[in-house]
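Worth knowing before you read on, the calculation uses all heavy atoms, side chains too, and leaves out hydrogens, waters and symmetry mates.
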Amino acid sequence: MKEMLLSAFFTVILITGTHAEDTIKIMPVGNSITAGEHYKYPPLEERTGYRKDLYEMLINSGYCVDFVGSQNHGIRSEDDKDWYDWNCEAYPGWKIPDIAGRVELVLKTYKPDILLVHVGTNGHDWNNKPGQVKDMLDMINDFSVDNNHPMTVFLCLIINRFKGGDTLTTQFNKEVADIVNTRTGDKIEIILVDMENGAGLDYSDDPPHPDANPPYEGGDMLGETY
């Protein structure tokens with residue numbers, strides 16, 4: 001996942017002419033995948049998701065980045081040898097409208113240049129989710145227009161998770177891609193990142209065992225293969 005985000009990020013740097021010495025404000029947005037936790041496992045300091053690796057890859061490549069947001073998943077003291085910029089907008093277990101509502105509240109505070117958005121894995125209201133993503137993009141674009149603040153949104157087509165795949169996830173991703181491809185006139189730039197097919201996950205494992213403790217034993221996204 002981090003390699004795909006880094007590759008897409010560098011593409012934006014090249015397109016926009018952003019220089020390594022310019023501070024780029026990045027807001028990671030999502031739920032437990034972005035936070036790096038599941039059912040409160042593992043310990044707090046390990047809840048970094050892709051964010052720690054991505055931050056270190058960017059810094060090591062010479063870029064000045066500031067991860068922004070109101071949440072503290074993976075927080076650690078600055079004298080910790082594994083310190084990284086842990087700020088984010090990640091809400092484990094939350095659905096798209098709730099996450100969008102929080103993002104709407106914090107955009108005016110942090111004014112990010114880039115949003116990394118992976119939402120839609122929670123809940124079973126699959127018929128409503130594509131429209132909820134559209135509403136979220138509308139909200140972000142309205143903020144960009146109202147505040148004359150250009151932003152780039154890396155919108156992830158969400159990961160599939162189980163052996164044999166999940167047709168609902170695949171259909172959701174198709175509808176989200178169709179929505180983005182028909183948007184014209186936005187002030188924001190939207191870049192689709194195909195996490196379902198390009199994240200390098202091994203989908204050959206079995207679904208999680210319902211009686212496991214922690215409850216994510218087995219399965220791919222929720223198990224050892226991932």
Same hydrophobic cluster for L168 and I158, using side-chain heavy-atom links shorter than 4.5 Å among ILVMFWY? yes

Shortest non-hydrogen contact from N141 toward K187: OD1-N, 2.8 Å

From E89 CD over to Y110 OH, what is the distance, rounded to the nearest 0.5 angstrom? 6.5 Å

Treating Ile, Leu, Val, Met, Phe, Trp and Tyr as nodes and any side-chain heavy-atom pair under 4.5 angstrom as an edge, say whether F67 and W83 lie in one connected cluster. yes

Testing the basics here: between G120 and N31, what is the closest heavy-atom pair and its distance to 0.1 Å? N-ND2, 4.3 Å

Sequence neighbours excluded, which residues qualify as salt bridge (charged side-chain N to carboxylate O under 4.0 Å, His left out) partners of K174? D178

Say whether L192 and V29 are linked into one hydrophobic cluster, either directly or through other cluster members, by side-chain heavy-atom distances under 4.5 angstrom. yes

Within the 4.5 Å heavy-atom criterion, are V153 and E189 side-chain neighbours or not? no

Under the side-chain contact (heavy atoms from CB on, under 4.5 Å) criterion, do H118 and I159 qualify, and how do the steps go? CA-CA 9 Å; H118 188 282; I159 66 170; 3.9 Å; yes

Straight-line distance of E196 CD to F172 CZ, nearest 0.5 Å: 10.5 Å

To the nearest 0.5 Å, how far apart are OG1 in T34 and OH in Y50? 4.5 Å

How long is the span from the CG atom in D186 to the OG1 atom in T184, to the nearest 0.5 Å? 7.5 Å

Non-neighbouring partners of P92 that pass side-chain contact (heavy atoms from CB on, under 4.5 Å), sequence neighbours left out: S32, A35, E37, H73

Within the side chain of R51, is there an N or O that forms a donor-acceptor pair under 3.5 Å with the backbone of P28? no

Are T152 and I188 packed together at the side-chain level, in the sense that at least one heavy-atom pair is separated by less than 4.5 angstrom? no

Heavy-atom side-chain contact between V117 and F154 under 4.5 Å: no

When clusters are formed by joining ILVMFWY residues with side-chain heavy atoms under 4.5 Å apart, either directly or through shared neighbours, do I179 and L115 land in the same one? no

Rounding to 0.5 Å, atoms CZ (R47) and CD1 (I75) come to a distance of 12.0 Å

List the steps, then state whether side-chain contact (heavy atoms from CB on, under 4.5 Å) holds for D82 with K52. CA-CA 9 Å; D82 290 322; K52 183 175 185 292; 3.8 Å; yes

Qualifying residue, where the test is side-chain contact (heavy atoms from CB on, under 4.5 Å) with L157 and the options are N173, T169, V180: N173

Listed partners of N147 passing side-chain contact (heavy atoms from CB on, under 4.5 Å), at least two apart: F143, H149

Should L155 and V193 count as side-chain neighbours, where that means a heavy-atom distance under 4.5 Å? no

K25 atom NZ, neighbour heavy-atom count above 12 within 6.0 Å: yes

Report, one line per pair, each donor and acceptor closer than 3.5 Å where one atom sits in a side chain of residues 99-108; sequence neighbours left out.
{"unit_1": "R102", "atom_1": "NE", "unit_2": "Y91", "atom_2": "OH", "d": "3.0"}
{"unit_1": "R102", "atom_1": "NH2", "unit_2": "S70", "atom_2": "OG", "d": "3.4"}

If you measure only the distance, is there a donor-acceptor pair under 3.5 Å linking the side chains of N197 and D194? yes

Closest non-hydrogen atom pair, S144 against M151: CB-CE, 4.0 Å

Short side-chain to backbone donor-acceptor contact, R76 and Y84, under 3.5 Å: no

Could you tell me if the side chain of T48 sits less than 4.5 Å from the side chain of W86, heavy atoms only? no

Tell me, please, which residues at least two apart from Q132 pass side-chain contact (heavy atoms from CB on, under 4.5 Å). I96, P97, D125, N128, K129

Separation of N122 CG from K95 NZ (nearest 0.5 Å): 8.0 Å

Using the side-chain contact (heavy atoms from CB on, under 4.5 Å) rule, pick out the option among D66, D113, I114 that qualifies with I26. I114

Check salt bridge (charged side-chain N to carboxylate O under 4.0 Å, His left out) between D98 and all other residues, then give those that pass, not counting sequence neighbours. none

